[in-house]
Amino acid sequence: AEGAFRGRSVAIGPELHLANVSGNYDLAWRRGHPFLSLNELRLVTERGVFVGKGESQANGRFRIDLSRGEEDLTIAGTLIPLQMETLEGR
């Protein structure tokens with residue numbers, strides 16, 4: 001499955017609140033497990049607009065890598081159950 005998504009007022013973990021989020025997704029099954037890929041991500045936070053991409057990892061975790069100029073932001077965690085955390089500048 002593939003498509004586009006948009007959202008408003010989204011909380012990702014306790015420390016990251018998004019005013020807006022948008023991007024494209026691709027969901028596929030690989031070796032019997034779901035694989036999610038997010039592209040053309042655009043996240044609007046109180047610090048500004050971050051752009052990037054994310055995807056499922058071989059270890060079952062999910063990782064999103066974003067940037068805003070010189071500032072990097074990584075969001076990582078699990079999708080089931082949904083538990084994400086921000087990892088600044090990694």
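When reading the values below, keep in mind they use all heavy atoms of this one structure, side chains included, and skip hydrogens, waters and symmetry mates.
Hydrophobic clustering places Leu16 together with Leu41 (ILVMFWY residues linked when any side-chain heavy atoms are closer than 4.5 Å, directly or through intermediates). At a threshold of 4.5 Å between side-chain heavy atoms, the hydrophobic network of Ile, Leu, Val, Met, Phe, Trp and Tyr places Leu43 and Leu36 in one connected group. Cluster annotation: Tyr25 and Val21 are assigned to the same hydrophobic cluster (Ile/Leu/Val/Met/Phe/Trp/Tyr, side-chain heavy-atom contacts under 4.5 Å, transitive). Clustering ILVMFWY residues whenever any of their side-chain heavy atoms sit less than 4.5 angstrom apart, transitively, puts Phe50 in the very cluster that holds Met84. There is a path of hydrophobic side-chain contacts, each under 4.5 Å, that joins Ile12 to Leu79.
Without hydrogens or angle criteria, Arg47 side chain to Arg68 main chain gives no donor-acceptor distance under 3.5 Å. Counting only distance, with no hydrogens or angles, the side chain of Ser37 and the backbone of Glu55 share no donor-acceptor pair below 3.5 Å.
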Requested in this report: Given side-chain contact (heavy atoms from CB on, under 4.5 Å), test Arg6 with Asn20 step by step and report yes or no.
Outcome: CA-CA 7 Å; Arg6 293 173 43 171; Asn20 292 292; over 6 Å; no
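Residue Glu46 places its CD atom among more than 12 non-hydrogen atoms of other residues, nucleotides or ligands, all under 6.0 Å distant.
The two atoms that bring Leu38 and Phe5 nearest to each other are CD2-CE2, 3.8 Å, heavy atoms only. Closest non-hydrogen pair, Asn24 versus Ala4, comes out as OD1-CB, 3.5 Å. Gln57 and Arg63 make their closest contact through NE2-CB, 3.9 Å (heavy atoms, listed as atom of the first residue, atom of the second, distance). Contact record, Leu27 with Pro34: CD1-CB, 4.2 Å, taken as the closest heavy-atom pair. Looking at every heavy atom in both residues, Ser67 comes nearest to Asp72 through CB-OD1, 3.5 Å. In terms of heavy-atom proximity, Arg61 sits nearest to Ala76 at NH2-C, 4.0 Å.
Between Ser56 atom OG and Arg30 atom CZ the span is 8.5 Å, to the nearest 0.5 Å. Atom-to-atom distance recorded for Ile64:CD1 and Thr74:OG1 is 9.5 Å, nearest 0.5 angstrom.
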